[in-house]
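Positions are given from 1, in the same order as the sequence printed here.
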Amino acid sequence: MTAPTALSHTERPKVAPGLEVYPLEQNGGRWVLQRGSRYIRVSPAVGRLAQELDGTRGIDEIAEHLGKPWTAVFVRQAVTKLDELELIARDGMKPPKKPGRIKVEMPFTVQFAVLRPGRRMAAMQPVLTALARRAVLAPLAVIALAGLPALTVQQAHIRSLLSNPIPLSVYAALVVVMIIATSIHEMGHASALIRHGGHPSRIGVMLFYLTPAFFCDVSDSWRLPHRMQRVRVALAGPAVQTFLAGACALAAWPMADSRVRDVLLLFAIGSYITGLLNLTPFIKLDGYLALMAKTDLPYLRDRAMTDARRAMARFLFGGTYSRELDRRWTTWFGFGCMLFPLYVLGTGLKLWLGILQSGGTLGGILAGCGFTYAGWLIGRGIARLSREVKVSGAKAWRITVVSVLLGGLACAATFIPVTSSVTSAFTKTPDGVVLQFADGSGADAVRAGQKVELVGNGPVLHPHYLNGTIVGHRSREQVPVTAFYPIDLGADTVNVPADVFRISVGDQTTFMLPDRGTAQVNVGQQPLWEHVYRSYIAPFNPF
């Protein structure tokens, strides 16, 4: 006698352990399915279906119980989609664990929860509602905007500040102030959520791309019934940060030159830039959360990038692909989401690469981490594109031809000649100007007669000062480590061994030249592969 075939877990479907269903249709919003830290907004029809999935009825019985417009076909399609989201119970599936104190978010975020406020902060709702009135918010908005012209008036001092090394005391104070501002930023999100009846789940500290910061988990905002409530929660943090930036810019305006003024100005500039970056929707920050809330499209970024990859795969390789989203603009949004992180990373490397190179082995390691991350992003994108093509039904001959052509173009690009340069520090001495190369910064490529450009060693700006020429031979000396970084450690600093070259500036006067700065030595043209090898691999080669 043949044993009966076991039923699939979707034949008598049951919601996954720990799944909670929140009906919100009475307020005109969607329903929310929550399992652990995941919040998924669904239509009222799907929400009611989820309430019926108790494992006691089959597909046909569920369709009959729900009535029109539900049919067995529609029920099966909906159950299949819920199963893909891991919301249907399977053998061995357990309820999600309560989030621990430590949570790791790939690629470079580690969170440590300090408080689990739950509903204890709900008592603040009346106070926060009173503070959210226009009479209170309007002056704050004016201060946030007024800070921009205040910075414009102080642009001469700001230009000098960003073009020269920052004193260590100013840098340390800036780090402390930025951490405090981040905590206030996060409290802005929490306050908006509480005002609308939600509850922050976790508050704590984190390392965000190796930078210490505070965080506040406001995932509960997905239970709010109205889109604009969720948008306000997402934008509350950047709003608070721009207010703080404006207040500091205005406070610094009447001050005399001092380190306190420098901290205020650097904080204002950094906070405005951070606020703008937070509003960019192409990365998973506040602007993206606001866009996702406004459009009411869950997992908007991931789904849009999937459609963008499939559009690229169709253009290059052909084949048949389905769409995750039925809105035309989301495909272009997906391309933006794929390219923008590379743009931000590339901009940061372009800004800091010279400083990192001049810092020798340590700087090279940091630069290498940046390039490795960029390579990982590109490699991950290629792998995902390959998986899409594999299941698309594209013709094998077209896949082969296009892959060979793309590989050939990539190889040919490595032989493009590029002007290569080596970055070092320079110091003005009574006997002239000398270049100083930390170990691992590429001094072996420097020769007498090569041209040198002397520029500023600021954290952001690098103004041009003079041009010179390498003269004489390399010597070995002890050099203050502060020469290689845009931070002024003062007179008492650690010395490190460095290769030193003297340069000639001809008839040019060195009167306006600062005591130290950054130098770019033109070492000639090289193929791209050789430039990459000499700059980022050879310094770490032990042989």
Next on the checklist: Distance check, rounded to the nearest 0.5 Å: L435 atom CG versus Q450 atom CD?
Outcome noted: 10.5 Å
Item to check | Distance, nearest 0.5 Å, that separates CD1 of I166 from OH of Y485 | outcome: 15.5 Å
Checklist entry - Do you know the tightest heavy-atom contact between R516 and D488? => result NH2-CA, 3.7 Å
Checklist entry - Which residues pass the ring pair (Phe, Tyr, Trp, His ring centres under 6.0 Å) test with F501, sequence neighbours left out? => result F437
Next on the checklist: Given 3.5 Å as the limit, does a donor-acceptor pair link the side chain of Y22 with the main chain of L33, or not?
Outcome noted: no
Item to check | With I273 via side-chain contact (heavy atoms from CB on, under 4.5 Å) - residues at least two apart | outcome: I269
Next on the checklist: With heavy-atom distances below 4.5 Å as the criterion, would you say the side chains of L174 and F267 are in contact?
Outcome noted: yes
Item to check | Pairs meeting criterion side-chain hydrogen bond (donor to acceptor under 3.5 Å, both in side chains) with involvement of residues 240-256, two or more places apart | outcome: H185-Q241
Checklist entry - Where do Y39 and S219 come nearest, in terms of heavy atoms and distance? => result CE1-CB, 3.4 Å
Checklist entry - Backbone N or O of N457 within a donor-acceptor pair of the H462 side chain at under 3.5 Å? => result no
Item to check | Sequence-distant partners of D307, salt bridge (charged side-chain N to carboxylate O under 4.0 Å, His left out), two or more places apart | outcome: R323
Checklist entry - Is a donor on one side and an acceptor on the other found under 3.5 Å between the side chain of T330 and the backbone of R327? => result yes
Next on the checklist: With a 6.0 Å cut-off (strictly less than), is the heavy-atom count around OH of Y343, excluding the residue itself, greater than 12?
Outcome noted: no
Next on the checklist: Quick check for you: to the nearest 0.5 Å, what is the distance between H157 atom NE2 and D257 atom CG?
Outcome noted: 5.0 Å
Checklist entry - Sequence neighbours excluded, which residues qualify as side-chain contact (heavy atoms from CB on, under 4.5 Å) partners of V418? => result L528, H531
Checklist entry - Taking side chain as C-beta onward, heavy atoms only, is I40 less than 4.5 Å from V32? => result no
Checklist entry - What residues form a ring pair (Phe, Tyr, Trp, His ring centres under 6.0 Å) with F282, not counting sequence neighbours? => result F333, F340
Checklist entry - With sequence neighbours excluded, what pairs up with R134 under the side-chain contact (heavy atoms from CB on, under 4.5 Å) test? => result none
Checklist entry - Given the rule in the side-chain contact (heavy atoms from CB on, under 4.5 Å) test, do S160 and N164 qualify, once you have shown the distances and angles that lead to the verdict? => result CA-CA 6 Å; S160 174; N164 296 284; 3.6 Å; yes
Item to check | Residues T429, D431; criterion side chain to side chain donor-acceptor pair (under 3.5 Å); working and verdict | outcome: CA-CA 5 Å; T429 70; D431 298 328; 5.1 Å; no
Next on the checklist: If the condition is side-chain hydrogen bond (donor to acceptor under 3.5 Å, both in side chains), which residues does R133 pass it with, not counting sequence neighbours?
Outcome noted: none
Checklist entry - Looking at CZ of R380 and CE of M338, how far apart are the two atoms once the value is rounded to the nearest 0.5 Å? => result 11.0 Å
Next on the checklist: Restricting to side-chain contact (heavy atoms from CB on, under 4.5 Å), what partner residues turn up for L279, sequence neighbours left out?
Outcome noted: L235, P238
Checklist entry - Taking only residues two or more places apart in sequence or in another chain, which ones pass salt bridge (charged side-chain N to carboxylate O under 4.0 Å, His left out) with R476? => result D439, D499
With a 3.5 Å cut-off and sequence neighbours excluded, list the donor-acceptor pairs that the side chains of residues 143-154 form with protein atoms.
residue : atom : partner : partner atom : Å
T152    : OG1  : L148    : O            : 3.1
Q154    : OE1  : R261    : NE           : 3.4
Q154    : OE1  : R261    : NH2          : 3.1
Q154    : NE2  : A150    : O            : 2.9
Q154    : NE2  : A249    : O            : 3.3

Checklist entry - Say you draw a straight line from CD of Q478 to CD of Q436; how long is it, rounded to the nearest 0.5 Å? => result 11.5 Å
Checklist entry - Does the side chain to side chain donor-acceptor pair (under 3.5 Å) test come out yes or no for T423 and Q520, once each step is laid out? => result CA-CA 5 Å; T423 304; Q520 298 285 343; 3.2 Å; yes
Item to check | Qualifying side-chain hydrogen bond (donor to acceptor under 3.5 Å, both in side chains) pairs, either residue in residues 166-178, two or more places apart | outcome: S169-R259
Item to check | Under 3.5 Å: donor-acceptor pair, side chain of K428, backbone of L513 | outcome: yes
Checklist entry - Do M228 and K294 come close enough that some side-chain heavy atom pair is under 4.5 Å? => result yes
Checklist entry - Under 3.5 Å, side chain of Q229 to main-chain N/O of L224, donor-acceptor pair present? => result no
Checklist entry - Within the distance-only criterion (no hydrogens, no angle test), does the side chain of R41 pair as donor or acceptor with the backbone N or O of W222 below 3.5 angstrom? => result yes
Item to check | Atom pair CD1/NZ of I503 and K451 - distance to nearest 0.5 Å | outcome: 11.0 Å
